[in-house]
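Source: prediction; values computed, not measured.
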Amino acid sequence: MLLRQFIQRGQSHQVYRIKQLKQQLEHAQSYEEWKAIALKIDEASGAQEWKYDNCSPYFDAEVIAYRLTMLKRYRSMQRCRDLIYILREGLTYDVANIAHPLLFNASYVGTKRIIEDYIEEVSQSLAYIASEGCAELKHQEKIEFFQHAQQAYGQPALMFSGGSTLGLFHTGVCKALLEQDLMPKVLSGSSAGAIVTAMMGLSKPADILDVLSGDNLMSEAFKFRKISQILRGTGGIADVKHLKKFLVTNMGDVSFEEAYKKSGLHINVAVAPYDASQDARIMNNLTSPDLLVWSAVLASCAVPILFPPVKLTSKRYDGQHTPYMASTRWVDGSVRSDFPQEKMARLYNINYTIASQTNPHVVPFMQTDAERYRKDIISWPERIIRRQGKVFTRGMLDFTRERMGSVPAIRRVLDHSYGVIDQRYYGDLNIFGHYSLRHYYYLMQNPRPHLFKLLQQEGERATWPKISAIETHARIGKTIQHCLELLTFQQDPQQHAQAQYIAV
């Protein structure tokens, strides 16, 4: 009896301590503070013990254990060619399914210890091959190996959704990733996300944090028109001329090709032709190098009803402005391609995507990883409702199209509605906030400094729990990149230094 009471008291004390720590976690002011508290919660909740248990239905622990043993053996015996052979077998970030989202859901920080050990060993093995200790390989052979490895492994992409003023949430995501040196080189954005993407892509690497910390970012982007003006004219709820002036003033006369040379970032802006019979596109330094960045962002912000459709502007080789596909008008890319994952994967060899989602019609319906991957009977009703809800909505759109589709304006609205419903709003890792009614009030406001700080902090706090997974996924890719840069520098220091100077 006494023993049972003692155990119950101990358990109640543990529950109380975890509750206190979670309250502290909500008020953390930096990632370092958040991580320190999160580790205490993992310790108190028993999550640390979970990390040492290799049994899991989500990944193949035997495959990882075997590969870990072989890598350690070959590296300790300095068998470089055998080491390369075993590394090439698993040059993917999700080998044996170690990137499964639920492996990063049981604890606040980290995942299974064997996975962390494997990532560490792969990184050390790669570093050993690049070092002078690996004398078995010639310098050129090493460079060729790492070039092949970089191609095989791929790179991540960060995608920003639309969301009007709520898009300032994205600045917090960027700030958190930059501070941990985890910012991908490939970015995409729609609508408000396009503004954040462009601001970063037009800045030198050393200036990006200053740009994100500026209270005036987007502060004068939107000017909402009076009801009398809307009724009299053909424009939308917001003044497109005001937005254009803001974009030209802050982004300058810079094309996508010039932006890439300045920042080294591959920025992609999602736009969609007003005519829904054409597919949505992504504008970047590869598909539209001469297109002016501000022009693409203006089109991406042209949310139907809020803004009228716009035309795009290019800059010729002599600096002269010319129309881009003069007969086509464009609207917000998030209408049909909020996250252009497949298009970017083909262009940039993307291996996984990070999605920052702020769209007000999407966030309330977003599910956590635990909710998305549940397969128990209790989750069936919600799954059925979600699937049947989508089927019902499509059925209503089909019904309306059959009876009113001949009216051009209604047909266009229906076409855009199909695009909104059929999109995939998730990436491989997803960052989104928790909305209340006040967030919908923010939508129709120009973001003043206090609102900027509030939404940016929400973005940071939503990103911190994902840092551990992003860090794990990025570790090997970053090691490959650093090794290749080192070997290239050793081969031709002067040429490499000139390339780095140009990039900066």
Side-chain angles (χ1 to χ4, degrees), residues 159-164 167 170 186-203 211 217-218 220-223 234-236 238-263 265-276 278-338 340 343-344 347 416:
M159 308 179 298
F160 303 117
S161 75
S164 187
H170 300 316
V186 180
L187 311 175
S188 80
S190 300
S191 193
I195 296 179
V196 176
T197 299
M199 288 295 197
M200 294 185 62
L202 292 167
S203 305
V211 171
L217 182 65
M218 290 173 60
E220 299 296 335
F222 309 113
K223 181 181 179 181
T234 57
D239 189 341
V240 70
K241 293 181 180 178
H242 185 85
L243 175 60
K244 179 179 178 180
K245 181 180 178 181
F246 168 83
L247 295 176
V248 172
T249 301
N250 288 274
M251 297 182 183
D253 193 44
V254 182
S255 67
F256 276 96
E257 186 174 46
E258 292 168 338
Y260 173 69
K261 290 178 180 178
K262 185 175 184 179
S263 68
L265 297 175
H266 292 280
I267 58 172
N268 298 262
V269 175
V271 296
Y274 189 50
D275 179 2
Q278 300 182 54
D279 291 334
R281 293 182 57 181
I282 52 173
M283 303 304 190
N284 51 52
N285 66 298
L286 299 176
T287 63
S288 50
D290 302 320
L291 182 65
L292 291 170
V293 175
W294 68 258
S295 175
V297 174
L298 180 64
S300 193
C301 289
V303 182
I305 301 177
L306 187 62
F307 288 108
V310 301
K311 292 190 175 182
L312 295 175
T313 305
S314 286
K315 184 169 69 171
R316 249 179 16 181
Y317 56 88
D318 58 359
Q320 186 73 25
H321 288 189
T322 59
Y324 182 92
M325 295 183 67
S327 60
T328 304
R329 291 185 298 167
W330 307 80
V331 295
D332 178 13
S334 63
V335 172
R336 273 176 278 154
S337 185
D338 202 27
K343 292 181 176 68
M344 289 198 300
L347 287 173
H416 291 323

Minimum heavy-atom distance [X]-[Y], with the two atoms named:
X	Y	value
Thr328	Pro273	CG2-CB, 4.2 Å
Val271	Met283	CG2-CE, 3.7 Å
Asn268	Met344	ND2-SD, 3.8 Å
Lys311	Ser295	O-OG, 4.1 Å
Ala192	Cys301	N-SG, 4.5 Å
Arg329	Pro309	NH1-CG, 3.6 Å

Original post:
Got a sec, which residues hit salt bridge (Lys or Arg N to Asp or Glu O under 4.0 Å) with Asp290, two or more places apart in sequence or on another chain?
Top reply: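 Salt bridge (Lys or Arg N to Asp or Glu O under 4.0 Å) list for Asp290, sorted by chain: empty.
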
Apply side-chain contact (heavy atoms from CB on, under 4.5 Å) to [X] and list each qualifying residue two or more places apart in sequence or on a separate chain.
X	answer
Val254	Leu202, Glu258, Ala259
Ser314	Leu291, Thr322, Tyr324
Ala194	Val269, Val297, Ser300
Thr197	Phe160, Leu187, Ile267

Side chains of [X] and [Y]: closer than 4.5 Å at any heavy-atom pair?
X	Y	value
Lys244	Val310	no
Leu298	Thr313	no
Arg281	Met325	yes

**OP:** Starting from the C-alpha separation in whole Å, work towards a yes-or-no answer on side chain to side chain contact (heavy atoms under 4.5 Å, CB included) for Leu347 and Val186.
**Re:** CA-CA 10 Å; Leu347 287 173; Val186 180; over 6 Å; no

**OP:** Report the C-alpha distance between Ser190 and Met159 in whole Å, list the side-chain angles of each, state the deciding distance to 0.1 Å, and finish with yes or no for side chain to side chain contact (heavy atoms under 4.5 Å, CB included).
**Re:** CA-CA 9 Å; Ser190 300; Met159 308 179 298; over 6 Å; no

Original post:
Does the pair Ser188 and Ile282 meet the rule for a side chain to side chain contact (heavy atoms under 4.5 Å, CB included), with working shown?
Top reply: CA-CA 8 Å; Ser188 80; Ile282 52 173; 5.8 Å; no

Subject >> Residues in ring-ring contact (aromatic ring centres under 6.0 Å, His included) contact with Tyr260, at least two apart in sequence or another chain >> reply: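 ring-ring contact (aromatic ring centres under 6.0 Å, His included) list for Tyr260, sorted by chain: His266.
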
Subject >> Candidate pair Asp253 and His321, rule side chain to side chain contact (heavy atoms under 4.5 Å, CB included), full reasoning >> reply: CA-CA 10 Å; Asp253 193 44; His321 288 189; 2.6 Å; yes

